[in-house]
Structure formats: structure tokens, C-alpha cells
Amino acid sequence: MKPIPFNKPFIIGRELSLIADAVAQGHLSGDGAYTKLCHRWFEEKLGCRKALLTHSCTGALEMAAILCNIQPGDEVILPSYTFVSTANAFVLRGAVPVFVDIRPDTLNLDEELIEAAITPRTRVIVPVHYAGVPCEMDRIMAIAEKHRLLVVEDAAQALLSTYKGRALGSIGHFGCLSFHETKNIISGEGGALLVNDARFAERAEVIREKGTNRSQFFRGEVDKYTWMDIGSSYLPSELVSAFLYAQLERADEIIAKRRSICSAYAMQLAPLQQSGKLRIADFDDDSNGHLFYVLLDSLTTRSKLIAHLKAQGINPVFHYVPLHSSPAGRQYGREGSRMLVTDDLSERLLRLPLFYEMNAEDIARITAAIREFFID
Ligand SMILES: *Cc1c(COP(=O)(O)O)cnc(C)c1O
């Protein structure tokens, strides 16, 4: 039987012709016409103050850490159940990641555990919208305001998800997006920093352009450009931006397709949930169908189910090794709460294949194989 991969990068429309157009325009480095089109798309569609494309979400998180003015010994509150870049970007500035447990329903930072983890050194909270499902942003922003902290949303998985009608990534002081080929909207590697607080807009441009005021120079606001601040090269080439823009043009369609795949999975697996064999991811209309997971009763069941599905050419994947128990997490970070939910759920979670070109037969084959596993 034809193998079903976990993920499959895809082209939806004009990606290659827009790349050809970028080449024809003769501007291949960053911040040409396609990068500007992407910036405007994010600013209009998400309602962020300023969008800046980066080479990755990792790069956007690093820029956010610089903009937060992190100093050695400062503390940053984040979940342990996340990708390494959420922590690494701050560790690179000398910060101590302080890990807080997640909620069992959304697998997002448990907002009720945040305040107990705050110390005089705390500077930033980094909510991660796992699976594109929104964190409890009203509560998190209120805690941040009370303790004068900044909020960096790791919205790598959350493009076009909303929280109370507002786009994820546009609520904190900063939002970070990813267009890595495993995300919903892709450009191979790619990301964006959303700057939602105008105070940081100008410095963000400088940090992204190697610490120079080249962006102002190109706009004719200064007559030469020079070294102004620390910085690095965070911008993508026009080839990447052209590819990304072609996907953004069709973004609503991509999200709708992914949501429909999630709904089909949920419907077909509902009987197994009712009989208590597994728990399925619980999504509302406000999330973007980024990933579909099931929670099994134990690590053993998960390992057996993976083997069962792999034998039929189906490739599910578990997710993060919690950062608090990883070698670097132990070296650089500390636990700001007990890690009961993180330790428990990380061993039992399994992500099912989910990609734009999946069809109804693929989904039916996968859910049939899962049913068969539980019936035997
Ligand atoms: C994918 C991802 C990242 C990193 O994105 P890159 O674009 O690959 O750098 C960061 N955080 C989370 C939660 C992610 O899922």
C-alpha cells in the first residue's frame, strides 16, 4: 500500500512563477517587492503594528529576545512542552528559562501557575499556542501588565488562529511565526516577527539589518546608513518571500482544508473516544488545523500503535521531549512549577499525518487502522 507520510511540503499556486518574476525583477536579496507584499498582507490580515519577515521563527524569537533587552540572569517564563527555539533564543542572551506546566485540555501554558513562578528577575512570558490552539491571552496579558513583563507569543504553529476574534501573534508585545515546511503556510524555511507595540518598531528594523539603519536609508529617511546597534542578518531573500506570498494568497483555502482534515479525523475517531480508548484533540473554530493528535493511555500503547501503523505504511509522530528534562534544559533552565501534566502527556501524545494534499481515502485508511488496533 502507498505509504502515507507524516507531512508533505506542497505547492498550491503561483509559487514558481512568482519566484521567476522575482528573478526577472533583478532583486534577489531581502526587502524587495515580494517581502513588502508579505509585510502588508500580515499587517492587514492580522492587524499587527509591523510585520518583518525573517529567515525562520527561530530568528524572529532571537530578535524578540534582543528587543526585550534581556540581560544575563534575567528570567523568562515558558512551557517545557515546546520546541527548543522558544528557550534557546533567550538563553543566547544569557537568560534563564523558567519552565511552567501546561493545561491538560489545551497543552498550553497553565496561566494559573505563572504568578507563582515570577521572581524579581522575571522579564518575559512566552506563551506557545500549541497545535494552533490559543493560550488564555487575556489572563496572561493581565499578569504581564501587573508585573510589568513583556509577552512574546510563540505563534509558530498558530498563523490565522484567533483568540476572541483577534489573530494570534498580534496580542502580545511581539508575535513570532514560522513558515517551515512542517507548518500550515510554508516557504521551506521562513518566519516573521510581528511587532505589536510601536515603541519597538524602529529598533526591530535595525536589529534585523545587521544593526544598521539601512531600512531607513532605503526609505530616504537618512542620507547614509551606518552601524547603530547590535544586530544580525535575519531577513529572507526575495526568492523565499515570493514563494511565501504565493501561499499567503491562498492561505484561507489552506487553513480550511486543514480544518476539514481535523474534523474528519475527529468524527471518525469519536467512537474510540466514547469507549475510552483514546482522547482526541479538542479544537474550536478559532484554531487553524495545524495538527491533529490523540492521547493514548500509556507510553506502551503509544509505542505499539506506532508500530501497528508503521507496518501499514502510515507515519504518525510523537512530539517534544520536554525541555526541562533535556540536557540543555537542565543546564540552562529551571522548573518554575511541578511538571506533572507535561511529563504525563508528552509520553502519551501521538500526532497523525496531516498535510494539504491528503485526501479522504488517506484519512479513512488511517482511522480504520487505528480502530483495528483497538479491536484486536
Ligand atoms: C516550528 C516551531 C518553531 C521554530 O520555527 P522555525 O521556523 O523552524 O525556526 C518554534 N516554536 C514552535 C512552537 C514551533 O512549532
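Hydrogens, waters and symmetry mates are skipped; everything else that's a heavy atom, side chains included, is used. Both ligands and their constituent atoms are indexed starting at 1 by order of listing.
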Q) What part of Y81 sits under 4.0 Å from ligand 1 if we count only heavy atoms: the side chain, the backbone, both or neither? A) neither

Q. Would you say the side chain of R258 lies within less than 4.5 Å of the side chain of H290, judging by non-hydrogen atoms?
A. yes

Q. With under 30° as parallel and over 60° as perpendicular, where do the rings of Y130 and H319 fit, or are they tilted in between?
A. tilted

Q: Determine whether the side chain, the backbone, both or neither of T58 has a heavy atom under 4.0 Å from any heavy atom of ligand 1.
A: both

Q. Can you find a side-chain donor-acceptor pair between T300 and S303 that sits under 3.5 Å?
A. no

Q.
Can you tell me how the ring of F283 sits relative to the ring of Y293, calling it parallel under 30°, perpendicular over 60° and tilted otherwise?
A. perpendicular

**Q.** Contact check, G190 vs ligand 1, heavy-atom distance below 4.0 Å
**A.** yes

**Q.** Contact atoms of ligand 1, heavy-atom distance to S56 under 4.0 Å
**A.** 7 (O), 9 (O)

Q: Measure A156 to ligand 1 on non-hydrogen atoms and call it side chain, backbone, both or neither using the 4.0 Å cut-off.
A: side chain

Q. Using 30° and 60° as the class limits, which term best fits the ring planes of F200 and F174: parallel, tilted or perpendicular?
A. tilted

Q) Counting heavy atoms only, which of K183, H180, Q157 is nearest atom 2 (C) of ligand 1? A) K183

Q: Walk me through it: do E238 and Q25 pass the test side-chain hydrogen bond (donor to acceptor under 3.5 Å, both in side chains)?
A: CA-CA 10 Å; E238 276 290 287; Q25 288 192 32; over 6 Å; no

**Q.** Polar side chain donor-acceptor pair, S170 to N196, under 3.5 angstrom
**A.** no

Q.
Could you identify the single nearest non-hydrogen protein atom to atom 11 (N) of ligand 1 and state the distance to 0.1 Å?
A. D154 OD2, 2.8 Å

**Q.** Minimum-distance protein heavy atom relative to atom 3 (C) of ligand 1
**A.** F83 CD2, 3.5 Å

(Q) I'd like to check which ligand 1 atoms, numbered from 1 as shown, lie under 4.0 Å from a non-hydrogen atom of V128. (A) 13 (C)

(Q) Using a 4.0 Å cutoff against the non-hydrogen atoms of Y320, which atoms of ligand 1 qualify? (A) 13 (C), 15 (O)

Q: Could you tell me the residue and atom name of the protein heavy atom closest to atom 7 (O) of ligand 1, and the distance to it rounded to 0.1 Å?
A: S178 OG, 2.7 Å

Q: Find all atoms of ligand 1 within a distance of less than 4.0 Å from any non-hydrogen atom belonging to C57, and give their numbers and elements.
A: 4 (C), 5 (O), 6 (P), 7 (O), 9 (O)

Q: Run the salt-bridge test on R103 and E112 with the 4.0 Å N-O cut-off and return the result as yes or no.
A: no

